[in-house]
Structure formats: C-alpha cells, structure tokens
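Step one of this worksheet: look at the structure below.
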Amino acid sequence: MRGASQAKWVVAAVAVALAATACGSSSSDGASSGPANAQGTFSYQSSEPQNPLQPANAMEVGGGRVIKNLFKGLVDYDPSNGKLRNQVADKIETTDAQNYTVTLKSGWTFHDGTPVTAQSFVDAWNWSANTKNNQINSDWFSDIQGYDAVHPDKGDPTAETMSGLKVVDDTHFTIALTGPVSYFEYKLGYTAFSPLPKVFYTDPAKYGQSPIGNGPYKFVSWEHNKAITVAAYDKYAGIDKPKNGGIVFKNYAQPEAAYKDLVSDNLDVLDQVDPSDLASYKNDLGDRAVDQPQGAIQNISFSLYQDSWKGQDKAKVRQGLSMAIDRDTITKTVLNGSRQPANTWVAPGAMGYKDNTCGEACTYNPAKAKQLVTEGGGVPGNKITVLYNADGGHKEWVDAVCNSIRQATGVECVGEPKPDFKSARDLIKNKKVDGLMRTGWVQDYPLNANFLRDVYGTGAAANDAGYSSPEFDKLAAEADKATTVEKTAELYQQAEEQLAKDMPAIPLWYYKTTAGYSKNVQNVKYDSFGDPVFTQVEVKQK
Amino acid sequence: MPDLIEKTAPATGSTEPKPEKPRSLGSDAWHDLRKRPIFIISAALIVLLIAFAIAPSLFTSVDPRAGDLRLHYLSKPNYLHFFQADWFGYDGQGRSIYARMIYGARASVVVGICVTAGVTVLGGLAGMIAGYYGGWVDAVISRVTDMFFGIPLLLGALVVLNAFTTRTVWSVVFALVALGWTQMTRVMRGSVITVKQSDYVTAAKALGAGTTRIMFKHILPNAIAPVIVVATIALGGYIATEATLSFLGIGLQDPTISWGIDINSAQKVLRTAPFALFFPAGMLSVTVLAFIMLGDAVRDALDPKLR
C-alpha cells in the first residue's frame, strides 16, 4: 500500500489540535428532533478533489468522500461497528483465502440505468490496475494474480487484464490471489474496488468530470473550487438507502470559516473542528457537538536500523521511555482533549482491537521508567531527538512528550522539526533518522491486521522503524493463512503482544473525530474513518 | 595645559580654534551623551539585559525548561509574587514565563552583539578596502555588495538556516552576518572616500607612511563614526530578526530559550492565556527599543551636523 500510506499521512498531519479558547457562549438548544424531510439536502465541509472523479483515483479526502457516495462496491463497513457487510455482493466464498468466488445480487443498476454485472467489476479493476491509466490507488490490486503483467514496476504492461480475474456469468466471477490473504474481503470495501459502467471506457477523463456510479447518490454538478452536488438515487439497491435528498460538498480553504458557517447554520455538517475552536466547540454546539474515537493512532517510532537501538537491552530503554510519557495529562491539556490516550497499537473500532495490549509499558510511571532506562544502559549521549514535521501543529505535543521524558528519566530530549511534511517523510522513508520520529497510522480498512502487518511486518512499506522480528512475522504469516477474518484478527492479537516486548514504536494516543452539525439536520453519526454517515443524515422539515 | 583646555572647551563653544591636543571624537561624544536622558534610560535597560544574559540565575532560581503540565498548564499570573516562578504565570507546557523571559535574554543579546561585531568587522574591512583602493577593487566589492543587497534578509536567512540540521545561536549569527555585512560596507566605503581626500592623509602619504598605517591610523579613526551609528541602530534590528526567525521556526531551536519561540507557542493559546504572549513580546519590544534609542543617542552625539 505504498501510495495509500502517503495519503493517510497527510490526513494525520492535518487533523491536529492545540490551542485553547474560552469565549464561547453556552448555547445548547440544538438537537431537538423533528419530522424529517426526505427530499431535503444538506451541505458538508469538503475540499476540491485533486483528480477527476474516478474510483481508483481518489486518495485524498476531498475526492474520496464524494466517490464513496457515488459508488458502492461488493462490500462496505457497517458504520456503527466497522463490521463487513455485503452490498453488491450476495456472497463471497473461499476455502483457502486465496481463491474467491463472488456472487452478485441482482437488481443493482448504475445511475444511467444499465445493470451492474460481474463484467462491470472485472473490467473496472483491470482498467484501474493498468499502469497506463495512472490511477493513484492501483496498488490496491497488487494481491491479485497477474497484477505484475498489467502494472510492471517499469515499462509498459504486457497484458490488458489480470489473469486472476475471471467472469463466470453475469452474477458470478472469481478472484485468484498470488497468496493467501484472509482479510482480502476487508480490502474490497475500499472505493478503488468499485464497479464502472460501460460508458466510462469511451472517455474516462470526461467521465471523471461527471461520473456515473451505482451508489446511494448520483452526480449532479461540479463547480470547480466551489462545490460538488449529488442527489439521492431513487433506484439504489443497497441496504443503506439515503434518508435525505442529496448532499452539497462545499469547499472550504479555511477550517475556521467552515466552523463559523456551521455555528450560524450556513453549513450543515462539519468535517473537523479547527484547532483554535476546539476548546469552545462543545459550548457553542451543545449536543450537536461530536467527539468520538477514530481509526487512527499517533506513535513515536525508534530508528531501530541505527546501531544505538540494537540489542535486547534497548527494548528495556524503549519501554522505559514509553512509561515516562504522561499521556493522560498531555491529551487533557496540550491537546485539549482531542485525543484519547493509547495503550495498544491498534485503534479502537477496528476489528480485533484488544484493550491494553501494551499494559504497564504504556502507563505513566516515572520511577520505573528511570529504572528501566538505566538498566538498559541508557541512550547514547543521554540525549534523544524526536523528528516531526513543523507544518502539522505537532510542536506542542512533541515538546510536552519531551519534557515528560526529560523530567522522568533525566534523558535530554528535544524535538527536531523539519519544515514540512514532505521533508520529514523523506528522511523517515529513506531511513535517515537517528533517534525517534513521529509516525502515525490511519486505517485503510477497520481490521487490526492493517495496523500491525502493514506497519510492523519486516519490509512493510510503512515500517518506518525498520522493525524486524521473526516471531512477529511468523505470527503474522499464520494469521494471513487463516480462512476466516475472525481467526485472522485473533492471531494478529498474538502478534501484537510481541510489540509490547520489543516496543518498536511507542503508542501515544488515538485520534478522535471532533466535529458537529447544524440545527437543520439530525441523526448525524460518524464512522471510524471520521466521515459522517451521509445516508443516515435527516434534514429537518422547515 | 591640555587639562585646562579640556575643562574650558565646553564652555567656550565650538568657535574656539582647535587646541593643540583636541578632545577626540569619542570623548566629545561621551560628554554629550552623559547629559541625555534617552541615553541614560536605554543604557540602564541594556545593562540590565546584559546582566540577565550573563547571570540569569541571579534573577530567578526556577529552571526555565522544567514544566509541570498537571499543576501549571497555562496557570494565571500572580502579579504580587515578585520574582517568583508564578509572577507572570505559566505557559502551555507548564513552564514559568518569568524564568523563560529572563533566560531568553541570553540568546537575544548574544545574537545582537555578535552579529553587530561580525558585520562591523567584515563589512567595515570590505568597505575600507573598497573606498581606499578605488578602481577595479572598488568595482568588484561594490558589485558583490549589490548582489547581497538584492537578497531579502528573511528569505536569505531561511535558505542559509535550512542548511543546518541543528541550529544554535551561532548558526543564526553566521546567517545574519553573512547576509548583513553589506550595509556596513556601503557606509564605510562612503565614509572612507570622504576622509581619503583630507589634507592629513595626503600629508601622511607625502611623509612616506605605509598603506596599513594610513588606513588604520589616519583613515579608520575618522571614518568609523557613521559605522558605529548604523551598527548600534542595526543591533536592535538583528535582535528582532532573530526573534522573527525563531518565531517562524527557522531560527533557534529547543533547548535554546528564545523569546521568538515563546511568542510562537503563545499565539496558539492567545485567547485563553494572553499573558503567555504579552511578556516575551513585551520584553522583545523593550530590548529592541532600548538599542534603537541608544543608536539614536549615539548618532546625535557623533554626528556634528545635527548639533
């Protein structure tokens, strides 16, 4: 998931909280529920999509959230608990986690009236994976057999279709993977796996300006840099039929402006409260304020590829440093309660999340922290640095973490800011860090494997620490071979225990969705990706 | 005899014919300065600042880096607790703002003085060479000066400082000297060209004095006054520039304590804790003002045309 990790990083860098404010009035009238107007439309704080609206070409939230509403894949995630549920798929069967047979429901149509068939999926995936079409999320298809032929590392593709995809009839197709991936079904919930209508292939670029999908909403208009409007699709065959008439995705360059519009009811649903209004938004919005965990975690990782962090003793030092961080106080003060202290490496809400896998090592205990650091032989020069990007508002908490470490253990600790996200990521990616670095992870799909294998597996694209543990890899490989997702999740919990022993990264806190909605709407819920559940939003009758 | 003249000179005024051993420009200026209240105030402030810089522990016993978020996160100031940790309250990391204000003086004073010394020596030398030799030497130095003049100070400093992985006071000094010396070169060059045409320089030449002797014995003492004036006024500017760079996150870094860094972190909590911004910002303004006032007073004293 090389490409995907980039985007999640951006998201993590943006969502940030500091600042305290205290001049909100305490108005908490708000969410008195009333009769809903099924035809009513509502507006949502969004941003201009980077690319044409093609399902496999939206990694950033601006395009991603629009695509999510225009298209519906085989499966999606239940917004209330993150569990997988069938949408276009009637069933997805496998016996070995490598060969899948997909059966489609009938009755699904695209917004132009043409039916959604097995061919719609297979053609769409082949087109999106093809290196010539330059889709940003094409590596999501890399598990499928024949991906290297349509998307070689270099040069032109040698085939137009992936050998692992075969259409049986209109409602059946088979998927063969290069190896067992038991949670492949989970991946299928990502928008990149959406079906495409025939009309798409005549002119994909033009299509990207006015897409035709099969999702709960159909495209209406796109006023560049201003807004995208979608309307409910009345023949939608999914289980989550829209309870409203449509959505206007309004662009906001300044999150502060969006917040002001929300308070004055000119905007209906907020993406994220801007940092400077965090302290007062609960006062301003009353019970229309939203504050709930999100499927994302903030860590600081160690540069385990440097000699100074090698050896079994150093695991003790790393645990000691983790225990020296007063997560509770820092989240309450410096971060204004916009984060939740972490005691695992998997964010809550993901399937397979198990509370307190980090245990004592993530509990603030200055005395024990100092003792462990000393026992482990300390750190070179008694000094550590924490690398971070200065453009994401991380300075305050990095300083607070460093102060906490310094005062508990006597280890000198300073933040090492890099001017922007890219220069920090370049150093981290090229393994040129000496010390600690800010890392984080936003889920691709709500399953613990995504937080573990894709971050701590040997050689994984997002393994910034350079962590390599034979035990962890062995447990992860076993988990991948399991035939049910439940079993996979359970085996990954065992792998997570290995992280507690080695502490390649210190879990700090989980991200939270801090948002809100206007007086015009009700029943606004957010899923673990931090997106509102668009179809469930009810517009109040005027 | 010289004693007598020394004493009577001020009373008799400037129409007095030049005495045999006249009072030097420096001591003349000193006489003038001592009587100016603006000089006395700014000098007192500067002495205090230098005391902060040399021995901050005399003014506070609190560790400026020690913070307790649990107890002191943005605690309000207690204005009656003079010279105590909570006098000016606590910042967003639970650190004493008073202690940080005192300790922050060191970076500012060191940067201000070292940059001024650096640009005066480097720029002064270049200006003197250009002014004295003239011709192609002057042309080359002047064009190089023009080139450096074309680089906006902040932009240039941003580029230079980005090259340092860890930035200390000395990297900031280096960047500001490297970009700021041209101003002194111009002033010095102009001043040297004027002085070079004086009769005593011609006389020294006629007597067979060497180039170095003429430059440093005859020209330098008479050409330095405008440079000193410009340098003193610029000193305040360098301190402000350091704070600006630190504010932008490209100047000093933790663990160095700088008002610019504190102003940056305070602006994010402005609405709840305005005092966290007020004290470092106020201290910075007072410091810059003190140096600019000093520069003004020195200019008045040194520049005969203003009298």
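If you're wondering where the values come from, they're calculated on a predicted model, not measured in any experiment. By convention in this document, chain letters (A, B, ...) are assigned in the order of the sequence lines, proteins followed by strands, and residues within each chain are numbered from 1.
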Chain B contact via A:N403 - which portion, at a heavy-atom distance below 4.5 Å: side chain
Which one, B:L69, B:N264, B:D68, leads in non-hydrogen pairs under 4.5 Å with chain A? B:L69
With the side chain counted from C-beta on, respond yes when B:Q253 and A:V414 share a heavy-atom pair under 4.5 Å apart, and no when they do not. no
So with a 6.0 Å cut-off around CZ of B:F174, is the heavy-atom count from everything else above 12? no
If you tally heavy-atom pairs under 4.5 Å between each of A:E412, A:K418, A:E416 and chain B, the highest tally belongs to A:E412
How long is the gap from CD1 on A:I330 to OH on B:Y73, to the nearest 0.5 Å? 11.5 Å
So with a 6.0 Å cut-off around NZ of A:K432, is the heavy-atom count from everything else above 12? no
For A:Y305, look at atom OH and say whether over 12 heavy atoms of other residues, nucleotides or ligands are found less than 6.0 Å away. yes
What part of A:D328 lies closer than 4.5 angstrom to a heavy atom of chain B: side chain, backbone, both or neither? neither
Under 4.5 Å to a heavy atom of chain A? For B:I261 that would be side chain
Region of A:C413 that comes under 4.5 Å of a non-hydrogen atom in chain B: backbone
Considering only heavy atoms, give the residues of residues 86-102 of chain B separated from chain A by less than 4.5 Å, sorted numerically, with 'none' for an empty result. B:G92, B:Q93, B:R95
